[in-house]
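Input: a single structure, listed below in structure tokens.
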Amino acid sequence: MSQEALRSAPSPSSVDEAPADVPESIAAESFPPLTFLLEEVRSPGMVRADIDALIVGLGRPPAPDEPPRERADLLLGLLDRSNPVGDYTGSGGMKVRHAAKESLLAMGYPYAMELPPDLLETKGADGRAAGLTAGNVTLAVGSALYQSAGLVTVWFFLEYFGMPAAPEVTFGIGAVLWLFTVASLVGHHSRSRDLQSISSVVLWAAAVVWTLVALPLALFTNGVALLFVPWHLSLWTAIALRPEAEAEEAPAKSSTQSSP
């Protein structure tokens, strides 16, 4: 090969570096700024894909040249309850307001401190605070202890009437009761709806059984049994530890907004 041909051939470094410029240009075109995505959502010809694009954009970290203050102000505007865009829902079921909340929290201090207080605690559709409360833990443990004491009383009655396997039956029921009480508490703490739902069936079954035990006894004790049989505690526990409703952070949108 001649010296001129060698001099005219591209160097290996330039060949290796050339393709690296292409993804950067494509990335710049593929990820438009949030202001542009927001304008698309606000436009009269908005479609569901525009909402999805905005939610995806909110989930991306800020661009190097994007002023943090400008981004935080945009997010706070979407978090405003009076802003209808915050209520728009993407095809995956996520609302724009929820995506904006996560994006603002991801920005860290000091911008995350500007999150509106009413969004700090997510509530379910039934108005209950999500997660596990100290009151629910106290109620569940106290109820399980009281029901265990009631099962000991049942055991003495079964032994008195000579029923076989009385200890195994009563202690087995007690073990199941404790197992699913703990499972329900874990389900509420970890926000696992599967654990909550399965445990709720057992807790409601316990409430029904204790109620069926209390009613006949109440006839023979002039209602005194209603005070001591733990039907009330088991029912209260089943209600308090019922499965959480789906998280809801904003009022429902009109049909035209939810189905653009």
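- Residue Leu179 belongs to a hydrophobic cluster whose other members are Val176, Phe180, Ile198, Val202, with links defined by side-chain heavy atoms closer than 4.5 Å.
- Of the possible polar contacts, one joining the Asn83 side chain to the Gly77 backbone as a donor-acceptor pair under 3.5 Å is found.
- Ion pairing of Arg48 with Glu40 is absent here, as no side-chain N (NZ or NE/NH1/NH2) approaches a carboxylate O to less than 4.0 Å.
- Put simply, the side chain of Arg71 never gets that close to the backbone of Pro68: no donor and acceptor are under 3.5 Å apart.
- The backbone N or O of Ala149 sits less than 3.5 Å from a side-chain atom of Thr153, completing a donor-acceptor pair.
- Of the N and O atoms on the side chains of Ser103 and Arg60, not one donor lies less than 3.5 Å from an acceptor on the other residue.
- Linking ILVMFWY side-chain heavy atoms closer than 4.5 Å, directly or via other members, places Leu37 and Leu58 in a single hydrophobic cluster.
- No chain of hydrophobic side-chain contacts below 4.5 Å, direct or via other Ile, Leu, Val, Met, Phe, Trp or Tyr residues, connects Val208 to Ile173.
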Chi angles and distances behind the side-chain contact (heavy atoms from CB on, under 4.5 Å) call for Leu219, Leu215 = CA-CA 7 Å; Leu219 297 176; Leu215 291 178; over 6 Å; no
task = Check the pair Met107 / Leu75 against side-chain contact (heavy atoms from CB on, under 4.5 Å), numbers first and verdict last.
result = CA-CA 11 Å; Met107 292 184 68; Leu75 296 175; 3.8 Å; yes
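- Ser148 and Trp178 are linked by a side-chain donor-acceptor pair at a separation below 3.5 angstrom, with hydrogens and angles left out of the test.
- Take Thr221 and apply the side-chain contact (heavy atoms from CB on, under 4.5 Å) test, not counting sequence neighbours, and it matches Val224, Ala225.
- Contact record, Leu79 with Lys101: CD2-N, 3.6 Å, taken as the closest heavy-atom pair.
- Cluster annotation: Leu177 is not connected to Leu185 through the hydrophobic network of ILVMFWY side chains, with a link wherever side-chain heavy atoms come within less than 4.5 Å.
- Looking at heavy atoms from C-beta onward, Val213 lies out of side-chain contact with Trp231 at the 4.5 angstrom threshold.
- Leu233 and Phe228 end up in the same hydrophobic cluster when Ile, Leu, Val, Met, Phe, Trp and Tyr side chains are linked at under 4.5 Å.
- The list of ring-ring contact (aromatic ring centres under 6.0 Å, His included) pairs with a residue in residues 134-155, not counting sequence neighbours, reads Trp155-Phe171.
- From Thr89, atom OG1 reaches atom CE of Met94 across 10.5 Å, with rounding to the nearest 0.5 Å.
- The heavy-atom pair separating Ser234 from Ala206 by the smallest distance is OG-O, 4.1 Å.
- Closest approach of Gly45 to Asp50, counting heavy atoms only: O-OD2, 4.2 Å.
- In this structure, Ser184 OG and Asn136 CG are separated by 8.5 Å, a value rounded to the nearest 0.5 Å.
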task = Apply side-chain contact (heavy atoms from CB on, under 4.5 Å) to Arg242 and Leu203, showing your working.
result = CA-CA 9 Å; Arg242 66 192 185 278; Leu203 295 180; over 6 Å; no
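- Across Leu227 and His232, no two heavy atoms sit closer than the pair O-NE2, 3.3 Å.
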request  = Would you check, one step at a time, whether the test side-chain contact (heavy atoms from CB on, under 4.5 Å) holds for Val229 with Leu217?
outcome  = CA-CA 9 Å; Val229 177; Leu217 291 177; 4.1 Å; yes
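- One N or O on the side chain of His188 and one on the backbone of Leu241 form a donor-acceptor pair closer than 3.5 Å.
- Counting heavy atoms from C-beta outward, Thr170 and Val152 have side chains that stay 4.5 Å or more apart.
- Counting heavy atoms from C-beta on, the side chains of Val186 and Leu195 come closer than 4.5 Å.
- Under a hydrophobic clustering in which Ile, Leu, Val, Met, Phe, Trp and Tyr are joined whenever their side-chain heavy atoms come within less than 4.5 Å, directly or via other members, Leu34 and Leu115 fall into the same cluster.
- Across all their heavy atoms, Ser197 and Pro243 have their closest contact at CA-CG, 3.8 Å.
- Ser192 places no side-chain N or O within 3.5 Å of a backbone atom of Gly187 that could act as its donor or acceptor partner.
- The minimum heavy-atom distance linking Ala218 with Leu226 is given by the pair CB-CG, 3.7 Å.
- Partners of Ser143 according to the side-chain hydrogen bond (donor to acceptor under 3.5 Å, both in side chains) rule, which considers only residues two or more places apart in sequence or in another chain, are Gln147, Thr237.
- In this structure, the side-chain contact (heavy atoms from CB on, under 4.5 Å) partners of Leu38, at least two apart in sequence or on a different chain, are Arg42, Leu54, Leu74, Leu78, Val85.
- Applying the side-chain contact (heavy atoms from CB on, under 4.5 Å) rule to Ser82 yields the partners Asp80; only residues at least two apart in sequence or on another chain are considered.
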